*Asks:* 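Before I ask anything, let me first share the structure, which is written out below as structure tokens.
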There are 2 protein chains.
Amino acid sequence: MIKRTKGVTISQVADAAGVARSSVSRAFTRPDMLSPETVTRIMKAAEALGYVPNHTARALSTGRHGNVGLIVPDIANPFFPPLIQAAQLEADRSDFCIFLGNTEENPKQEDKLVGRFAGQVEGLVLASSRLSDERIRAHAGQLPLVLINRDIDGIPRVLIDSGSGVREAVEHLAKLGHRRIVYVSGPSNSWSNKQRRTAIKAAASRLDIVVETVPAVLASYNSGRNAVSAILATGATAAVAFDDLTAQGVLAGLSEKRVSVPGDFSLIGCDDVLGAVTYPALTSVSNRSTEAGRVAVSLLLDMLQSRAIRDVRYVLETHLVVRNTTAAAR
Amino acid sequence: MIKRTKGVTISQVADAAGVARSSVSRAFTRPDMLSPETVTRIMKAAEALGYVPNHTARALSTGRHGNVGLIVPDIANPFFPPLIQAAQLEADRSDFCIFLGNTEENPKQEDKLVGRFAGQVEGLVLASSRLSDERIRAHAGQLPLVLINRDIDGIPRVLIDSGSGVREAVEHLAKLGHRRIVYVSGPSNSWSNKQRRTAIKAAASRLDIVVETVPAVLASYNSGRNAVSAILATGATAAVAFDDLTAQGVLAGLSEKRVSVPGDFSLIGCDDVLGAVTYPALTSVSNRSTEAGRVAVSLLLDMLQSRAIRDVRYVLETHLVVRNTTAAAR
DNA sequence: ACTTGACATGCAACCGGTTGCATGGAAGTC
DNA sequence: GACTTCCATGCAACCGGTTGCATGTCAAGT
């Protein structure tokens, strides 16, 4: 049977070392204030007793607990794991821990999580938040906040500009001779979706290409698959999907309808999360999610240190990665 | 400019409501101890002041902070996100927050994370821990611990048995008339690989099927693709791949060689991480990672409540998920 | 030898809650 | 009407650290 050892306190160490509690505290936090001998004596006593500073108590008196929160809409979406990983790594470099929250794409859940996190993190990163600007502003009033893929004035944010990559995608399709294309859109309250749709329309109109939008509701395989009939009905010869998951769904749907890719139809995804591991390899727009995670946390930690909020707007450009789902129009 | 509102304390609420601090505390934690009118008065005052209980202070005096830690070796491995998600959901149901740690497959990093988490979580789930039994036992002495995919006596654990699913895969192929199959193996030092290979051989010999092993070196798309020539050279009519990524590579390689799946060749993956989002949909062995995450957290919360450690060994069997890459042998 | 100052350490208040025990008043009992 | 019982509330200690200020000591400065 395993039994649990319970907390050794600073007082016990103080007694053992024959000093005041404050000296023990200083031995751990500002050893330069004490004579070297005292420090070693205290350390030895602490070691012997197995003393470990109580994080909670420390947090209570200092107001700093060394945690930051990261809230994402859907961990299972392959876009996020690399972002989370990078965020965690960056936090770790400064000895911070990451609280992870998953909102299931649900603003209410997100609000709830922010509230619950608020008391125990020093700052928060909201990735692809589904909250209203208003709610985000309200939260930003409570604690340091950094956004990923939400563009709100006055709140530090890291934006992955999929616009640049999408523009390249449209140019790529234009060069291949496609004159009529479809944008398979994602969640309507997603900032990225808005951004991509806008970029596509702008690029297309500049290149004299007709774009139609087919909604896929959720960013998922199934909605992509279900959108296929609507896509084909437009008479387009190519499509850009909101993300790779959706694209993969479209790919499946097309295949079922005996439309070959890229022979009969060209398809481009976004976020480049599946491109390299599926067949045929998906042409897609790179995502930069790793950098986004790292930069967001780094920004947040900066804010915590300087206690200042700068109006940072950090933009990461994306590019088209050409693989095997695009070819010349028939 | 956004400015931050700082903490309203229980004392301020007490003053505003004209009661003692303890009453305010009780209004929030055990309202039944107070008269209804007092409670409403306090609540009204709290509301007006924007009071929110300080989580840290509460944790200090109660010793319960409502957090559990989850440590995984690699968030980016598609096996884990569903597990994490499920764990988070389960924790959430009991108003617990999840601390997420990523060890990069590094035991030292894992040890460090456990140490850092220890002070601020009530319990810990270690998924596919890379620590030695000894270290795990040591940690288990410090705080409640639940393991996923590690089998250590005396420590509650959740194990995913991929053997059962692999057995079903072989039976499925046998029923379809395949007499000669290939196992496309994964990393030689992987415990799962060993488990799967063993299960395949046992099942095959029982069913009078010939199995050949083709190594794929790494569990990846490319090594799967490169293994195709060797696979076809064996004259087999079906293959089981170490994991879905490898299977997807094999699928791509077969397609390039004009071998149609499942018409000419049947293919089964493992872990079911891609099956539902690729085309053709991959027949695969389920991974149960969602259940594993949920059960592990649930077990942990139980332990926290009952303050007891039971020697639980929860085994999750896997099953074959038949999709569209398997058919009758020619 | 006396002041001055630097330095090491202790004291005690504080962070913001929780909780066992004491108290006082109202209701219930005889 | 006096006595118990019970309930709502307050008091104060406590959780385990941190930190501003006071104190004591010892060496350097004159």
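Below, read A as the first sequence line, B as the second, and so on, with proteins coming before strands; counting in each chain starts at 1. Everything numeric in this text was worked out from a predicted model, so none of it was measured.
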*Asks:* Without decimals, in angstroms, what is the distance between Gln12(B) CD and dC15(C) C1'?
*Replies:*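 The distance from CD of Gln12(B) to C1' of dC15(C) comes to 13 Å, rounded to the nearest Å.
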*Asks:* Which of these nucleotides, dT18(D), dG16(C), dG10(D), is closest to any side-chain atom of Ala20(B)?
*Replies:*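 Among dT18(D), dG16(C), dG10(D), the one nearest the side chain of Ala20(B) is dG10(D).
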*Asks:* Side chain of Asn54(A) only, please: which of dT9(D), dG17(D), dC15(D) is the nearest?
*Replies:*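 Shortest atom-to-atom distance from the side chain points to dG17(D).
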*Asks:* Using only side-chain N and O atoms of Thr38(A), determine if any of them is under 4.0 Å from OP1 or OP2 of dT9(C).
*Replies:*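 Checking dT9(C) against Thr38(A), a side-chain N or O does come within under 4.0 Å of OP1 or OP2.
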*Asks:* Using a 4.0 Å heavy-atom cut-off, does Ala57(B) contact any base of the nucleic acid, only the sugar-phosphate backbone, or nothing at all?
*Replies:*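 Contact class for Ala57(B): base.
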*Asks:* Kindly point out which of dT19(C), dG10(D), dG17(D) is positioned nearest to the side chain of Thr62(B)?
*Replies:*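 Minimum distance to the Thr62(B) side chain belongs to dT19(C).
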*Asks:* For dG10(D) and Ser23(B) - does any side-chain N or O of the residue sit under 4.0 Å from the phosphate oxygens OP1/OP2?
*Replies:*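 Checking dG10(D) against Ser23(B), a side-chain N or O does come within under 4.0 Å of OP1 or OP2.
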*Asks:* Rounded to whole Å, how long is the line connecting atom NE2 of His65(B) with atom P of dG17(C)?
*Replies:*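 After rounding, the reported distance stands at 17 Å.
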*Asks:* Mark yes or no for a side-chain to base donor-acceptor pair under 3.5 Å between Ser22(B) and dC11(D), with no hydrogen or angle criteria applied.
*Replies:*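 Between dC11(D) and Ser22(B), which were checked side chain against base, a qualifying N/O pair under 3.5 Å is present.
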*Asks:* Using whole Å, report how far CZ of Arg64(A) lies from C1' of dG17(D).
*Replies:*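 About 16 Å, once rounded to whole Å.
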*Asks:* Using only heavy-atom distances, determine whether the side chains of Ser22(B) and Ser25(B) contain a donor-acceptor pair under 3.5 Å.
*Replies:*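 No - no donor-acceptor pair under 3.5 Å links their side chains.
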*Asks:* What is the distance from CD1 of Ile10(B) to P of dC14(D), rounded to the nearest Å?
*Replies:*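 Interatomic distance, CD1 of Ile10(B) to P of dC14(D): 19 Å.
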*Asks:* Is it true that Arg130(A) and Asp74(A) have a side-chain N and a carboxylate O under 4.0 angstrom from each other?
*Replies:*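 A salt bridge is absent here (no side-chain N lies under 4.0 Å from a carboxylate O).
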*Asks:* Just to be sure I understand the rule, does Val19(B) reach a base, reach only the sugar-phosphate, or reach nothing, if contact means heavy atoms closer than 4.0 Å?
*Replies:*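 Val19(B): backbone/sugar contact only, no base atoms under 4.0 Å.
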*Asks:* Kindly indicate whether the side chain of Thr9(A), heavy atoms from C-beta on, has any atom under 4.5 Å from the side chain of Asn54(A).
*Replies:*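 A side-chain contact is absent here, since even the closest heavy-atom pair is not under 4.5 Å.
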*Asks:* Without hydrogens or angle criteria, can the side chains of Asp161(A) and Gln195(A) be said to hold a donor-acceptor pair below 3.5 Å?
*Replies:*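 Judged by distance alone, the side chains do pair up.
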*Asks:* Distance check needed: dT19(D) C1' versus Asp32(A) CG, whole Å only.
*Replies:*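 Distance, rounded to whole Å: 14 Å.
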*Asks:* Base, sugar-phosphate, or nothing: which does Thr29(A) touch, judged by heavy atoms less than 4.0 Å apart?
*Replies:*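 The residue Thr29(A) makes sugar-phosphate contact but no base contact.
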*Asks:* Counting only side-chain N and O atoms of Ser25(A), is one of them less than 4.0 Å from OP1 or OP2 of dT18(D)?
*Replies:*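 Checking Ser25(A) against dT18(D): at least one side-chain N or O falls below 4.0 Å of OP1 or OP2.
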*Asks:* Parallel under 30°, tilted from 30 to 60°, perpendicular over 60°: which one fits the rings of Phe117(B) and Phe99(B)?
*Replies:*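 Taking Phe99(B) first and then Phe117(B), their aromatic rings sit tilted (interplane angle of 30° to 60°).
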*Asks:* With sugar-phosphate meaning primed atoms plus P, OP1 and OP2, does Leu34(A) contact a base, only sugar-phosphate, or nothing at under 4.0 Å between heavy atoms?
*Replies:*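 Leu34(A): backbone/sugar contact only, no base atoms under 4.0 Å.
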*Asks:* Describe the nucleic acid contact of Phe28(B) in one word from base, sugar-phosphate, nothing, applying a heavy-atom distance below 4.0 Å.
*Replies:*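 Counting heavy atoms under 4.0 Å across all strands, no contact is made by Phe28(B).
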*Asks:* On DNA chain D, check which nucleotide each of Arg26(B) and Arg21(A) is closest to and give me the residue with the more 5' one.
*Replies:*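 Upstream on the strand: Arg26(B).
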*Asks:* Of Pro53(B) and Met33(B), whose closest DNA chain C nucleotide lies nearer the 5' terminus?
*Replies:*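 That would be Pro53(B).
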*Asks:* Specify the separation, in whole Å, of atom CG of Leu60(A) and atom C1' of dG16(C).
*Replies:*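 About 6 Å, once rounded to whole Å.
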*Asks:* Please state how far atom CZ in Arg58(B) lies from atom C1' in dC15(C), giving the value in whole angstrom units.
*Replies:*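 Result: 16 Å.
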*Asks:* Between Leu147(A) and Val158(A), is any pair of side-chain heavy atoms under 4.5 Å apart?
*Replies:*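 SC-SC contact between Leu147(A) and Val158(A) ruled out.
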*Asks:* Using OP1 and OP2 only, check whether a side-chain N or O of Ser35(B) sits under 4.0 Å from dT9(D).
*Replies:*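 Answer is yes, contact under 4.0 Å.
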*Asks:* How many whole angstroms separate atom CZ of Arg30(B) from atom C1' of dA8(D)?
*Replies:*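 In whole Å, dA8(D) C1' and Arg30(B) CZ are 13 Å from each other.
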